[in-house]
Amino acid sequence: MDEHSLLASFESTIGRHERIEPRDWMPEGYRKTVVRQVAQHAHSEIIGMQPEGQWIGRAPSLRRKAILLAKVQDEAGHGLYLYSACETLGVSRAELTEMLIEGRQKYSSIFNYPALSYADVGTIGWLVDGAAICNQVPLCRTSYGPYGRSMIRICKEESFHQRQGFELLATMMRGTDEQRAMVQESVDRFWWPALMMFGPPDDDSPNTAQSMAWGIKRNTNDDLRQRMVDMTVPQAAVLGVTLPDPDLKWNEERQSYDFGAPDWDEFKAVISGNGPCNTQRIAHRRRAHEDGAWVREAALAFARRSNEESHE
Amino acid sequence: MSEAVSGEWPLYEVFVRGKRGLNHVHVGSLHAADDEMAIRHARDVYTRRNEGVSIWVVRSSDVTASSPDEKDPLFAPSGDKVYRHPTFYEIPDNVPHM
């Protein structure tokens, strides 16, 4: 088949809302876009272990410690599902890790903010995982098969993450004035960065149109951001916290909340490497990778020797 | 072996039997130095919530697959044997349990 009929068959598969699978022919641009998006998503899960991971040893009870440990382990698992989806497109795990630690591929801007108080563990679960769910549920129907299947597994597990966060905050809100203040301070710090997780506004998002035409993305950044705001406002009311946006109000006509614009200059600074923790996050990941090199080599050497012995 | 050059652990495909009575189903892949480690990793990565009662792992390089280009000739014989499908047979509405 020539390139023209291959493209026609690819586009008719997309048009029927069927999935593209690893061994199918696909345009180079499609492959690159999926690799970029899935890799960025995988890196986010892996880097995302860091802000909360540092609270495991300081969790206030055995129950909270066990929950947090399970949650951080899930993030690692999510990263591994996504790396394996990405590798079906012919990129190796080693290359992906290298591109992350050399700064050639990005991860979500949110993980460049520090988790300063224990309440942040709850806020990250409630708002950050809440935003992730908004983003990920439609991705279960993304056009690239392995990516969609990873997203289905991830979404099943993500709901626990959000609920444990909300429950943690609700428990603190029933505590002392000091605890309530700690929750409010945490929500104030995370609200805008959580809304930035959906990416730049639609009129400044050059890749969105093509990604939607290919069925890789299912909704625009602004649509998802609106969905997040509409879901979160009533939850905040139940929790008894305020959201730090003076423009936030119900719009009867649109049957949706109006809200202010995040600080896009801050967003650009964070994704281009100048957020509060960018250097620290990558340095930590690089150290873990380099410190693990001897384990990877030793396991390979052991496997090779066992293999030789069994053939003698 | 290519992994000896790159130093990367080989890739394994993972299949999980969800419960007794079901087939093993492909769930994804992972890297491991050998078969035993692949099973351990598969347990941690793919069955953290009782998703399975049995795991198979197989080196990805040992999987032989039909190529998508062969789709038509390879699967065509099933296309003209519609009598293999139950809907081929017309059964009156008043016949129960069929």
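Each chain gets a letter, A, B and so on, in the order the sequences are listed, and its residues count up from 1. Just so it is clear, the structure is predicted and the values come from calculations on it, not from any experiment.
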Write out, in numerical order, the residues from residues 149-160 of chain A with a heavy atom short of 4.5 Å from a heavy atom in chain B.
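Answer by number: A:Arg153, A:Glu157, A:Phe160.
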
Using a heavy-atom cutoff of under 4.5 Å, enumerate the residues of residues 66-82 of chain A that contact chain B, numbered in order, or state 'none'.
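Under the 4.5 Å heavy-atom cut-off, A:Gln73, A:Asp74, A:Gly77, A:His78, A:Leu80, A:Tyr81 qualify.
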
Check whether more than 12 heavy atoms from other residues, nucleotides or ligands sit under 6.0 Å from atom [atom1] of [X], and answer yes or no.
| X | atom1 | result |
| --- | --- | --- |
| A:Arg16 | CZ | yes |
| A:Asp291 | CG | yes |
| B:Arg49 | CZ | yes |
| B:Asp62 | CG | yes |
| A:Arg104 | CZ | yes |

Set of ring-ring contact (aromatic ring centres under 6.0 Å, His included) partners for A:Tyr83, sequence neighbours left out
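With neighbours one apart ignored, the set is A:His43.
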
Please list, one pair per line, the donor and acceptor atoms closer than 3.5 Å that link side chains of residues 26-37 of chain B to other protein atoms, with sequence neighbours excluded.
from: B:His26; atom 1: NE2; to: B:Glu13; atom 2: OE1; distance (Å): 2.6
from: B:His26; atom 1: NE2; to: B:Gly28; atom 2: O; distance (Å): 3.2
from: B:Ser29; atom 1: OG; to: A:Ser84; atom 2: OG; distance (Å): 3.4
from: B:His31; atom 1: ND1; to: B:Trp9; atom 2: O; distance (Å): 2.7
from: B:His31; atom 1: NE2; to: A:Glu87; atom 2: OE1; distance (Å): 2.5
from: B:His31; atom 1: NE2; to: A:Glu87; atom 2: OE2; distance (Å): 3.4
from: B:Asp34; atom 1: OD1; to: B:Glu36; atom 2: N; distance (Å): 3.4
from: B:Asp34; atom 1: OD1; to: B:Met37; atom 2: N; distance (Å): 2.9
from: B:Asp35; atom 1: OD1; to: B:Tyr12; atom 2: OH; distance (Å): 2.7
from: B:Glu36; atom 1: OE2; to: B:Arg40; atom 2: NH2; distance (Å): 3.1

Taking B:Glu8 for its side chain and A:Ser92 for its backbone only, find out whether a donor-acceptor pair lies under 3.5 Å.
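Answer holds: no.
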
